[in-house]
Amino acid sequence: MASDNDEEDYMSLKFLEEPEDQKELSYVEKRKKALREQEKKAYIKPRRVLEEEARQEGLKKELDDKNKGMKMLMKMGFKQGMTLGKESGITKPIEVELKSGRGGIGHDAQEKRLREEELERELAKKPKIDPDQYREQIAARKREGQLQRWIIAAARIIEKLDRDKEMDFNILWLLNPSNIPEVDPEDIGEAELAGSPVAEDISKSADDTLAGKAEAEPIATTENDHVQQLRKLTDDEKEELSEIQARSLTEQLSDLVSYLRTNYYYCFWCGAKYADEEDLKNCPGPAEDDH
């Protein structure tokens, strides 16, 4: 007599589920099943597929003593499992490789070898860069682009504030490439900034900087203020500009930020103009890290 543990739980779904072979199919399911069986019977494999299957089937079979070639080898002392050759020979027959092109024997192997040699030469030309070094280069390039955008934004702010004080010229304005007299402002995006991170919507970066904080005094600016064409530079001004541009981007930005704080009590990092030097003490500091 079966114990209680052997009895099926009447609460399980086993009593509700019907076996697949006993489950009655609907008319649509019967029709689909019949069509699938008809397609299997009616399908005729192409000749090349049949040849490939027969070839693979034949290659999978190991040579036995019924094979004529094996019989000849065994008469000469060969035993199954031995290698052909004095030292390290092959234990299986040479694999069959079908030739599809019209090239001569060995041509495909030669073409393959030439392609591999060409690939090796191309790889040898490429410099081998350490992953850590590559990441450092990418980070440095990104940082350089950010500094360039900040420099242009700060130069535009300085120009706006200087012009409000009716200043005609300031050499720091020229750190904005669109202010360089020898270059057409309309061509700056294609000539000076092509391929540079500065090309990413510089005007938007400067406008965001000019916006400032909610509690600060906003400085209004017009869209075309930064493209005003300046007069031709004198030789001394060209020399001074060259000296400024020869400095690192970090030093250039530091000069611009210092000029804004000293002359206008304006913090570039806060994006705010303070009332006086005492009010400027509310700024966290003159450096980027202070903010």
Side-chain angles (χ1 to χ4, degrees), residues 48-49 52 55-56 59 83-156 174-206 208-209 226-227 233 238-256 287-289:
R48 59 182 181 82
V49 175
E52 179 65 21
R55 185 182 305 109
Q56 295 299 329
L59 292 174
T83 60
L84 294 178
K86 293 183 179 179
E87 297 179 356
S88 59
I90 59 175
T91 58
K92 295 182 180 180
I94 299 175
E95 295 183 359
V96 177
E97 293 184 4
L98 292 182
K99 189 171 179 346
S100 57
R102 300 182 62 183
I105 297 176
H107 181 266
D108 294 339
Q110 182 180 4
E111 289 290 329
K112 182 180 179 181
R113 185 175 65 256
L114 292 176
R115 287 194 298 268
E116 292 176 351
E117 292 176 355
E118 181 66 22
L119 179 60
E120 290 178 359
R121 286 194 293 268
E122 291 295 330
L123 294 176
K125 292 179 182 179
K126 295 181 179 180
K128 296 181 180 179
I129 302 178
D130 183 71
D132 295 335
Q133 183 181 359
Y134 176 76
R135 283 191 288 268
E136 292 176 359
Q137 291 179 359
I138 295 298
R141 191 180 306 170
K142 185 177 180 181
R143 176 64 177 175
E144 180 181 355
Q146 183 65 69
L147 289 173
Q148 289 175 341
R149 288 190 289 271
W150 282 340
I151 288 172
I152 293 176
R156 288 187 55 193
L174 301 182
L175 291 180
N176 179 4
S178 58
N179 281 335
I180 299 177
E182 289 78 9
V183 180
D184 188 353
E186 297 180 357
D187 297 333
I188 288 297
E190 298 177 0
E192 293 292 329
L193 305 181
S196 171
V198 185
E200 291 182 16
D201 200 359
I202 294 172
S203 60
K204 183 177 182 301
S205 301
D208 292 343
T209 305
H226 68 287
V227 296
L233 299 180
K238 290 181 179 178
E239 184 177 355
E240 184 179 2
L241 177 61
S242 299
E243 292 177 356
I244 295 175
Q245 292 177 339
R247 295 163 61 86
S248 66
L249 295 177
T250 305
E251 292 174 339
Q252 293 180 34
L253 181 61
S254 178
D255 293 343
L256 295 172
E288 175 191 1
D289 295 337

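Note that these values count all heavy atoms, side chains included, but never hydrogens, waters or copies made by symmetry.
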task: Please tell me if the side chains of Ser248 and Gln252 come closer than 4.5 Å, counting only heavy atoms from C-beta onward.
output: no
query: Just how far is it from atom CD of Glu288 to atom OG1 of Thr250, taken to the nearest 0.5 Å?
result: 9.0 Å
- line: When rounded to the nearest 0.5 Å, the distance separating CG of Leu249 from CG of Leu175 is 10.0 Å
task: Sequence neighbours left out, what passes side chain to side chain donor-acceptor pair (under 3.5 Å) with Glu116? Give chain and number order.
output: none
field: Spatial distance of atom CD1 (Ile151) from atom OG (Ser254) [nearest 0.5 Å]
entry: 10.5 Å
field: Basic-acidic side-chain contact under 4.0 Å: Glu52, Arg55
entry: yes
query: Hey, what do you get for CD (Glu239) to CG (Leu241), rounding to the nearest 0.5 Å?
result: 11.0 Å
message: Would you compute the distance between atom CD of Gln148 and atom CG of Leu253 and round it to the nearest 0.5 angstrom?
response: 11.5 Å
Point-to-point distance, once rounded to the nearest 0.5 Å, from CD of Glu144 to CG of Leu147: 8.0 Å
message: With a 4.5 Å cut-off on side-chain heavy atoms, are Arg121 and Glu117 touching?
response: yes
message: Quick one, Glu118 with Lys112, criterion salt bridge (Lys or Arg N to Asp or Glu O under 4.0 Å). Give me CA distance, side-chain angles, the key distance, then yes/no.
response: CA-CA 10 Å; Glu118 181 66 22; Lys112 182 180 179 181; over 6 Å; no
field: Asp255 side chain near Ile244 side chain, heavy-atom distance below 4.5 Å
entry: no
